[in-house]
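Structure first, then comments.
Computation of the quantities below employed the complete heavy-atom set of this structure, encompassing side-chain atoms and omitting hydrogens, waters and symmetry-equivalent molecules. For ligands, and for the atoms within them, numbers begin at 1 and follow the listed sequence. Because the structure is a prediction, the values reported are computed rather than measured.
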Amino acid sequence: MKEWKLKKVIQILTACLVMIVVLNVSGISMKTIDINKKESKTNRRDSNLQMESETRETISRILNEQIQTELPQIAITFDDGPSVCTPALLDGLKERGVKATFFLVGENVETYPDIVKRIYEEGHLIGNHTYHHVEITKLSDEEAMYEINKTDELIAAITGQRVQYIRPPFGVWQRELENYLDVLPVMWTVDPLDWTTENIDEVVNKVVPQAKENDIILLHDCYKSSVEAALRIVDLLKAEGFEFVTVDKLILE
Ligand SMILES: [Zn+2]
């Protein structure tokens with residue numbers, strides 16, 4: 001049994017325990033109902049029935065809250081876009097009601113501003129992936145800041161929002177830059193190396209069996225095979241009960 005399923009069973013058992021305690025505190029035990037029947041006092045019985053109904057509603061609300069709010073969350077992220085493959089991905093995510101995170105390359109933002117606008121308008125989170133897709137640590141601080149700030153400005157000109165998150169290309173980050181820039185680096189926990197293969201099954205099988213709560217999946221929306229793999233991953237993990245969220249939700253919670 002997966003860890004989150006076990007957690008849910010424990011939560012439901014806890015909710016049942018709460019139900020028993022609430023019933024006893026409210027005096028709606030079988031004994032009380034028997035006594036009431038014997039006494040045949042209509043108004044008292046009505047009052048007890050109302051209390052019982054209210055208690056049932058409370059219990060039902062507690063159980064519903066437990067079930068609805070405790071889906072295991074997971075994030076799917078896309079680097080290197082936008083590209084000509086991105087619109088098909090956006091269509092698929094929209095159909096499935098899924099929000100993703102896109103770490104955009106500045107050069108591509110300039111080439112496909114309409115796609116950036118669409119990513120933003122459809123509720124996905126946008127992050128920075130530098131202007132030229134460069135390894136930050138190989139640059140001077142000034143060059144690195146130029147790469148990040150230029151991309152940030154290009155995105156902000158389209159969305160009206162400053163970018164808060166960066167995924168440094170190749171996963172290499174220069175911590176000192178956080179002294180000058182108001183950005184948070186976001187890495188990943190599941191990397192199927194989708195850019196090395198066109199085999200969709202291979203990518204899907206490297207992600208789905210190992211996916212767990214709070215994982216951040218790394219893919220690239222500049223390959224048709226990656227887009228198809230992403231949508232299959234979403235379908236399979238949703239069927240397993242995962243809720244897809246943008247990375248800020250995982251980092252802030
Ligand atoms: Zn990249």
Should the pair F103 and H129 be assigned to parallel (<30°), tilted (30 to 60°) or perpendicular (>60°) ring geometry?
tilted
E107 CD: over 12 foreign heavy atoms closer than 6.0 Å:
yes
Near K224 NZ, under 6.0 Å, is it more than 12 heavy atoms from other residues, nucleotides or ligands?
no
From D79, does some N, O or S atom reach closer than 2.8 Å to the Zn ion (ligand 1)?
no
Of all the atoms in H220, is at least one N, O or S atom closer to the Zn ion (ligand 1) than 2.8 Å?
no
Can you give the angle H129 NE2 - the Zn ion (ligand 1) - D80 OD1, rounded to 10°?
90°
Heavy-atom count around E198 CD within 6.0 Å, excluding the residue itself: above 12?
no
